[in-house]
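Quantities reported herein were computed from a predicted structural model and do not represent experimental measurements.
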Amino acid sequence: MKLTSTALLSIVAASAIAQTPPPAAPGGYDAQPTLKASEILQLPYLSSPNHKVREDVTTNLGVNRFIIDSQFGTFVAQGNQMLADRVQEITALAKLGQMSNSKEFMDGMKEAAKAPIETVGDILTSPVDTITGVPKGVGKFIGRVGRGAKEKVSGRERGEGDDGMAKRASGAAQVKRDLCAELGVNPYSSNEVLQHELERVARVITFGKLTVKAALLPVGGAASSALSALSAIDATNNIVATQNPVDLRKMNLGKLKGMGIAAKDAEAFLANPIFSPWHQTHIVASLDRMAGVKGREVLLRDATTMTTTETDAVFYEQTTRLIAHAHTNGIVVDRITLINGLPVCVGADGGLIVAIQWDYAMWSPRSEKFAASLQSMQVNGAKPPSLIVVVTGAMSPRLKEELAARGFRAQDKLMKGPLN
């Protein structure tokens with residue numbers, strides 16, 4: 001039985017973790033906080049035998065920044081979702097390391113040494129991990145108030161982490177994807193260390209005349225348990241892992257056209273090089289879950305034109321997932337439309353629904369301006385009867401108070417990911 005919007009939104013008080021409000025900054029805004037990993041993260045994401053997240057978590061323009069120490073190096077994760085991905089990938093690296101020490105793998109290495117050296121897939125360029133003043137993801141989204149839409153983005157000739165079809169041994173790319181399916185990781189991840197290790201292992205399996213399941217068979221124990229605790233591989237993940245990029249593109253194009261989205265919009269989205277096949281397939285799957293929602297092409301066009309970084313790609317993937325989740329769990333969306341240059345959702349009653357990926361939302365001049373913009377929006381020439389804001393991450397207590405005072409109903413942690 002579906003929850004009503006009111007019932008769903010009322011659970012926030014019971015589900016939110018206790019936290020002390022950050023001190024007020026000049027002007028009555030939240031001070032820029034330093035969050036504590038031990039307070040905001042579920043234990044499996046905080047630490048394991050293979051990793052530990054550093055205690056201080058900075059947040060910049062709504063995006064949390066985590067530093068993860070591991071035996072495989074130090075990783076910087078820009079955002080809650082990237083943290084979840086990196087922790088899963090570290091677990092996978094540990095499992096690959098265990099596998100490499102097995103007799104079966106050693107025998108495969110001897111056989112593979114006889115084969116010519118070829119690459120499985122291109123080693124990608126690591127994204128910039130430093131925090132800059134350039135808004136990305138949610139910071140870019142809410143900072144667009146009053147600026148309208150942007151012209152179409154131009155980018156690199158290929159997406160980061162793509163399979164490198166021009167340079168790979170026959171069959172090894174599929175082996176790499178099969179490994180990712182078993183390990184529960186994204187085959188198009190921007191994690192250089194993971195990509196290098198996957199390619200090394202895939203080459204041994206391919207030319208060493210092994211199978212993925214046989215190579216992984218000796219691995220068990222703690223690594224396997226940790227993996228199962230963190231990974232819930234859904235049907236979409238398996239599709240990405242088992243199909244090659246060309247077939248994925250055909251499938252996604254067909255689904256988008258089946259939703260009634262114009263071919264030019266669908267092809268422009270699939271041509272944006274910042275979106276990996278992983279991002280594209282998840283966005284299309286989420287749009288497909290919004291059965292009956294009008295204007296899905298509005299969100300797709302916005303994603304196409306506004307995405308210039310990996311953080312942006314994750315933002316639109318997670319935002320689309322959030323809208324689909326809300327729509328199928330009581331916050332029913334009638335249509336997606338562009339108001340004042342921003343794609344927003346409209347409910348059946350004409351109420352405004354804003355659902356976006358936001359790691360940590362605080363009361364600031366930027367969020368106050370965003371709230372004022374939403375309050376001024378009209379639907380069909382009239383003030384909407386309700387204003388709902390839904391985010392993936394956490395809202396500060398002050399932000400919740402300010403939104404409530406302005407007539408908003410707010411729900412945080414609707415897709416909380418690694419958060420408590």
Side-chain angles (χ1 to χ4, degrees), residues 50-51 68-79 81-100 105 108-109 112 117-129 155-208 212 215-216 219 223 227 230-231 233 237-238 240-246 248 273-282 309-311 313-314 317:
N50 303 310
H51 87 285
I68 313 163
D69 293 312
S70 78
Q71 59 184 299
F72 309 105
T74 298
F75 300 90
V76 176
Q78 302 286 10
Q81 183 58 43
M82 189 176 289
L83 169 69
D85 293 341
R86 292 295 179 263
V87 171
Q88 182 67 26
E89 290 163 359
I90 289 168
T91 303
L93 283 165
K95 198 166 185 180
L96 290 170
Q98 285 183 272
M99 182 186 69
S100 298
F105 195 83
M109 285 181 66
I117 296 177
E118 296 184 57
T119 61
V120 175
D122 295 341
I123 297 296
L124 58 144
T125 302
S126 170
V128 176
D129 283 330
R156 298 186 305 275
E157 292 181 0
R158 58 182 294 277
E160 290 177 347
D162 210 340
D163 261 324
M165 283 179 268
K167 295 169 66 179
R168 71 168 183 255
S170 176
Q174 183 60 57
V175 169
K176 177 181 167 185
R177 290 193 294 273
D178 291 342
L179 273 171
C180 289
E182 292 292 330
L183 296 169
V185 295
N186 174 5
Y188 304 95
S189 169
S190 60
N191 184 338
E192 252 182 76
V193 179
L194 176 70
Q195 291 291 344
H196 183 275
E197 191 66 2
L198 285 170
E199 291 177 6
R200 181 187 71 83
V201 171
R203 187 178 186 280
V204 171
I205 291 174
T206 301
F207 295 108
V212 170
L216 288 171
V219 180
L227 180 69
L230 286 168
S231 178
I233 306 173
N237 291 358
N238 280 321
V240 177
T242 55
Q243 294 194 29
N244 65 56
V246 174
L248 285 174
I274 309 301
F275 289 115
S276 73
W278 175 277
H279 297 131
Q280 290 172 343
T281 305
H282 275 288
T309 69
E310 183 183 22
T311 302
V314 173
E317 178 200 334

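- For Q195 (side chain) and P187 (main-chain N/O), a donor-acceptor pair under 3.5 Å exists by modelled atom type.
- When every heavy atom of A92 is checked against every heavy atom of V185, the shortest pair comes out as CB-CG1, 3.8 Å.
- Atom-to-atom distance recorded for T311:OG1 and M82:CE is 5.5 Å, nearest 0.5 angstrom.
- Taking CD from E182 and CG from N238, the interatomic distance works out to 9.0 Å, rounded to the nearest 0.5 Å.
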*Could you go through the side chain to side chain contact (heavy atoms under 4.5 Å, CB included) check for R177 and Y188 one step at a time?*
CA-CA 9 Å; R177 290 193 294 273; Y188 304 95; 4.1 Å; yes
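- For the atom pair I68 CD1 and L83 CG, the distance stands at 5.0 Å (nearest 0.5 Å).
- Once rounded to the nearest 0.5 Å, the distance linking CG of L93 with CG of N191 reads 6.5 Å.
- Distance check, rounded to the nearest 0.5 Å: CG of L194 to SG of C180 gives 6.5 Å.
- Remark: the N50 side chain and the S70 side chain contain no N/O donor-acceptor pair separated by less than 3.5 Å.
- A pairwise comparison of heavy atoms in L96 and L179 identifies CD2-CD2, 4.3 Å as the closest pair.
- Between the H279 side chain and the S276 main chain, a donor and an acceptor come within less than 3.5 Å of each other.
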*asked:* Could you walk me through whether V193 and I90 satisfy the side chain to side chain contact (heavy atoms under 4.5 Å, CB included) test, starting with their C-alpha distance in whole Å, then the side-chain angles of each, then the deciding distance to 0.1 Å, before giving a yes or no?
replied: CA-CA 9 Å; V193 179; I90 289 168; over 6 Å; no
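- Atom CE of M109 is separated from atom CZ of F105 by 6.0 Å, given to the nearest 0.5 angstrom.
- Minimum heavy-atom separation, S100 to R200: OG-NH2, 2.6 Å.
- Shown here for N237 and H282, the closest heavy-atom pair between the two residues is OD1-NE2, 2.7 Å.
- With a 4.5 Å cut-off on side-chain heavy atoms, L248 and Q280 do not count as touching.
- Q174 and N244 are not linked by any side-chain donor-acceptor pair at a separation below 3.5 angstrom, with hydrogens and angles left out of the test.
- For the 3.5 Å distance criterion, the side chains of T91 and R86 fail to qualify, holding no donor opposite an acceptor.
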*Do D85 and N186 pass the side chain to side chain contact (heavy atoms under 4.5 Å, CB included) test, and can you show the C-alpha distance, the side-chain angles, and the key distance before you say yes or no?*
CA-CA 8 Å; D85 293 341; N186 174 5; 5.9 Å; no
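- In the model, E310 has a side-chain atom that pairs as donor or acceptor with a side-chain atom of S190 under 3.5 Å.
- Residues E89 and S189 bring a donor and an acceptor atom of their side chains to less than 3.5 Å of each other.
- Under a 3.5 Å cut-off, the side chain of Q88 and the backbone N or O of L183 do form a donor-acceptor pair.
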